[in-house]
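This is a predicted model, so every value here is computed, not measured. Order of the sequence lines fixes the chain letters, A, B, ..., with proteins taken first and strands second; residue numbering starts at 1 for each chain.
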Number of protein chains: 2
Amino acid sequence: MSGPRFEPVRTVRAYERIVEQVEEAIESGALSPGQRLPSERDLMGQFSVSRSTVREALRVLQARGLVRSRPGDPNGAEVLPFSPDALQRSMASLARVEGLSLGELVQFRMVLDGSANLLAARLRTPGQLAEMEAAIERMREAVTRGYDEFSAADLAFHDAVARASGNKLIQICVEVVRSIVLGLVADRLADAPDREALMRRSIRHHEEVLAAVRDGDGPLAARLARRTMYDYYAGYVPAAERPALRALLDQPHSAPE
Amino acid sequence: MSGPRFEPVRTVRAYERIVEQVEEAIESGALSPGQRLPSERDLMGQFSVSRSTVREALRVLQARGLVRSRPGDPNGAEVLPFSPDALQRSMASLARVEGLSLGELVQFRMVLDGSANLLAARLRTPGQLAEMEAAIERMREAVTRGYDEFSAADLAFHDAVARASGNKLIQICVEVVRSIVLGLVADRLADAPDREALMRRSIRHHEEVLAAVRDGDGPLAARLARRTMYDYYAGYVPAAERPALRALLDQPHSAPE
DNA sequence: ATGCATTTGTTCGTATGTATC
DNA sequence: AGATACATACGAACAAATGCA
């Protein structure tokens, strides 16, 4: 009795088909970063749609960070190299819309940075270790040269650790979350009254982390990294959220209730 | 001599201004999920731009997962509740374009799931503990009822743990990365010859994790969770990548080389 | 350095399919 | 069933920006 199994059809917009095809071409490597798409007029020919449709597709591709187009460019839209911008915007939007608290963001950084240090302690190459040392040296020099340079050197250190972890996903997420957190507290960090003391203490903590990474003691490096992060940011996190952060720090085994 | 400090100007597209304004309205709460935007015709009046420009803006908003529009809808575009879809697409695209290996994804899951368990062990409520127990019970029942149900129950367990961590960012990332990993290995998992034995072993591991969470022993729960994940997925990860995964498992302090 | 041709950004008008009342 | 309002899609046109001869 039962006839052939039909599947429900969903009407798919014309511009979506275009997006799919271009996306596929980029992900398959047929179109690589730096290359140009045909001009809008060519595209309307190739897809046999109107220019408006082509443009809507290009807007979507641009919103996803895959291409960029400028007026007057005799070549078509440019295929962009991957960048975590889209990821970052999604997370930033998540943070605002979903009401992510600073505490949750810092906690996430503690998790990521701790794990990155754990892995880096085991997997680092001598060259990566040298990068970390150089970054700390830059931090020392920056103490007298202002907070901006200090922050840049600090970034370089955490980046080097993230790279040494050997996990690109960790690396990118560290970068994304860091920039969101900084966006939330940068002004307060820069205005801190005892800024120089903060920087010096931060450097000392980073040196301890580096020593653990150098020794290959992953668990220690992870613990120190989490504590460093906590010390640096806890003051900006509402007191009510701090216990959740401390749950990531060393604890004398389990605390019975 | 130096005149007033002029700032570089960047020409900003008309549709971008529209996107900004609508985005701002949504993030500020002036527009909340379920509400409707004015119709495209109204919008072209309010922004005094053409229809095409309005539509390009709507395409971008739609691509970012903020609104949805259907033909024939007597109301305008619908404001959507936040969903991690955009985040997930960004990460999935990241995984393909950037060539993320299965090993890196599994490693990331080990990090997230381990941390979620660590936090859950300290912060869980009795209700959340009951959810975890119920999920494991569903896993037991599902052993004889097929892999799909088992997988769903497994998902429920990890979700309950992630919720109990109290960190929405961890929760969302766990969900996103899990679905990407499953997309890569689902077929191989389903076709495993000794599927039932795998399921039984997985249940045993989950029970151990749950016991640690119940006891409030965070570090133990984290270690067990990472090991559970490793045992379940390591077979699908190329042997060359496995040492990086094992770097996240317990190690007798540091292994001198 | 100046035009020129081309491309994108934007507008307007029109026709068509579709969902709601 | 019909009227209405909506989104989808097309095509022609003009302005602004770019690259190149």
message: Taking any heavy-atom pair under 4.0 Å as a contact, classify A/Glu40: base, sugar-phosphate, or nothing.
response: sugar-phosphate
task: Figure out the CD/P separation between A/Glu16 and D/dA9, and round it to whole Å.
output: 10 Å
- prompt: Which nucleotide in the set C/dT8, C/dT20, D/dG11 lies at the smallest distance from any side-chain heavy atom of B/Arg70?
  reply: C/dT20
message: With a 4.0 Å cut-off on N to O distance, would you call A/Asp73 and A/Arg36 a salt bridge?
response: yes
- prompt: Can you tell which of C/dG9, D/dA7, C/dT10 lies closest to the side chain of B/Thr53?
  reply: C/dT10
statement: Contacts of A/Ser52 and B/Asn75 projected onto DNA chain D by closest heavy atom; the upstream (5') one is B/Asn75
message: Measuring from the side chain of A/Tyr15 (C-beta onward, heavy atoms only), which nucleotide among D/dA9, C/dG9, C/dG17 has the closest atom?
response: D/dA9
- prompt: Do A/His158 and A/His206 touch side chain to side chain, with heavy atoms closer than 4.5 Å?
  reply: yes
task: Assign B/Arg59 to base, sugar-phosphate, or nothing according to its heavy-atom contacts below 4.0 angstrom with the strands shown.
output: sugar-phosphate
task: In whole angstrom, give the distance that lies between atom CZ of B/Arg68 and atom C1' of C/dA19.
output: 13 Å
task: Consider only side-chain N and O atoms of A/Tyr15 and B/Arg59, and report whether a donor and an acceptor are under 3.5 Å apart.
output: yes
- request: Enter the distance from A/Arg178:CZ to A/Asp113:CG here, rounded to the nearest 0.5 Å.
  value: 9.5 Å
query: Is it true that B/Glu149 and B/Arg138 make a salt bridge, defined as a side-chain N closer than 4.0 Å to a carboxylate O?
result: no
Pair A/Glu104-A/Ser101, side-chain donor/acceptor within less than 3.5 Å: yes
field: Nucleic acid contacts of residues 41-51 of chain A, taken as heavy-atom distances under 4.0 Å to DNA chain C
entry: A/Arg41, A/Arg51
query: D/dA17, D/dG11, D/dT8: which one has an atom nearest the side-chain heavy atoms of B/Arg55?
result: D/dT8
query: How many Å lie between CD on B/Glu78 and C1' on D/dA7, as a whole number?
result: 15 Å
- request: Round to a whole Å and report the spacing from CD of A/Glu56 to P of C/dT8.
  value: 16 Å
message: What is the distance, to the nearest angstrom, from the CZ atom on A/Arg13 to the C1' atom on D/dC10?
response: 17 Å
statement: By nearest-nucleotide position on DNA chain C, the 5'-leaning member of B/Asp73 and A/Ala77 is A/Ala77
task: Tell me yes or no: between the side chains of B/Ser52 and A/Arg51, is some donor less than 3.5 Å from an acceptor?
output: no
